[in-house]
Each structure stands twice: as C-alpha cells, then as structure tokens.
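Beneath this line is the structure, given in structure tokens, with notes to follow.
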Amino acid sequence: MSEAKDKSICPHCGEQMKKWASPVTATWGGEFLWICFNDNCGYYQRGWDHTFKKIGVKASYRHRYDPETGQEGPFPVNSPDAGKDGIIDG
Ligand SMILES: [Zn+2]
C-alpha cells in the first residue's frame, strides 16, 4: 500500500482516477473532477445493489473528488458507460 495521500487515487480500490469534465464545464477551461472509472471498484460495484435496494432503481455511483473544492462524494451513473465520454486523456 502506498503511504502517499494522493487524492487522485481512489480510496476504495487504489486505482488512479480519471480526469473528467462535463460537456458544459469543459468549455470553461481547466476545470475537472477526478472520478474512479474502474469497473471493478468495490464502491461502484456495491452501489448497484445498494441503490436498487434503497430506491428500486438500477443505478450506481463512482467515487468523485473535486480538486477545486476538496469535496469527495458519489458520482451517480445509470450504466457502466455513463460519464465515460467526459474522460479527459492526459
Ligand atoms: Zn475506485
């Protein structure tokens, strides 16, 4: 286990998260979120079951970190590919 507290690393699965920007915010330039797009992430995998049991909807969430505000939380998704078109490479 790494001892570095790198916020771009998902705390749930230890994978490097992806830079992500919504089609709207991307045009502002420079603003992005870190989102864990690892399909094997336990947080994301448990989310399907949890959300379905709780509200009866087939949906989940991925771990999200906003470097602007320092806020962490769930990024809701309704399919395995949801949000993937917002991934910024590099
Ligand atoms: Zn993860």
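Both ligands and their constituent atoms are indexed starting at 1 by order of listing. For this chain, numbers begin at 1 and follow the sequence in order.
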Main chain of [Y], side chain of [X]: is a donor-acceptor contact present, judged purely on distance under 3.5 Å?
X: Glu72; Y: His63; answer: no
X: Trp20; Y: Gly83; answer: yes
X: Thr51; Y: Ala59; answer: yes

Q. Can Phe37 and Tyr44 be said to form a ring-ring contact (aromatic ring centres under 6.0 Å, His included), step by step?
A. CA-CA 9 Å; Phe37 279 101; Tyr44 164 73; 8.9 Å; no
**Q.** Near the Zn ion (ligand 1) (under 2.8 Å) - protein N, O or S atoms
**A.**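 Under 2.8 Å from the Zn ion (ligand 1) - ignoring waters, which are not counted - the protein N, O or S atoms are Cys10 SG, Cys13 SG, Cys36 SG, Cys41 SG.
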Q) Say you draw a straight line from SG of Cys41 to OH of Tyr61; how long is it, rounded to the nearest 0.5 Å? A)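 Nearest 0.5 Å value for the SG-OH distance: 10.5 Å.
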Q | Sequence-distant partners of Lys58, side-chain hydrogen bond (donor to acceptor under 3.5 Å, both in side chains), two or more places apart | A | none
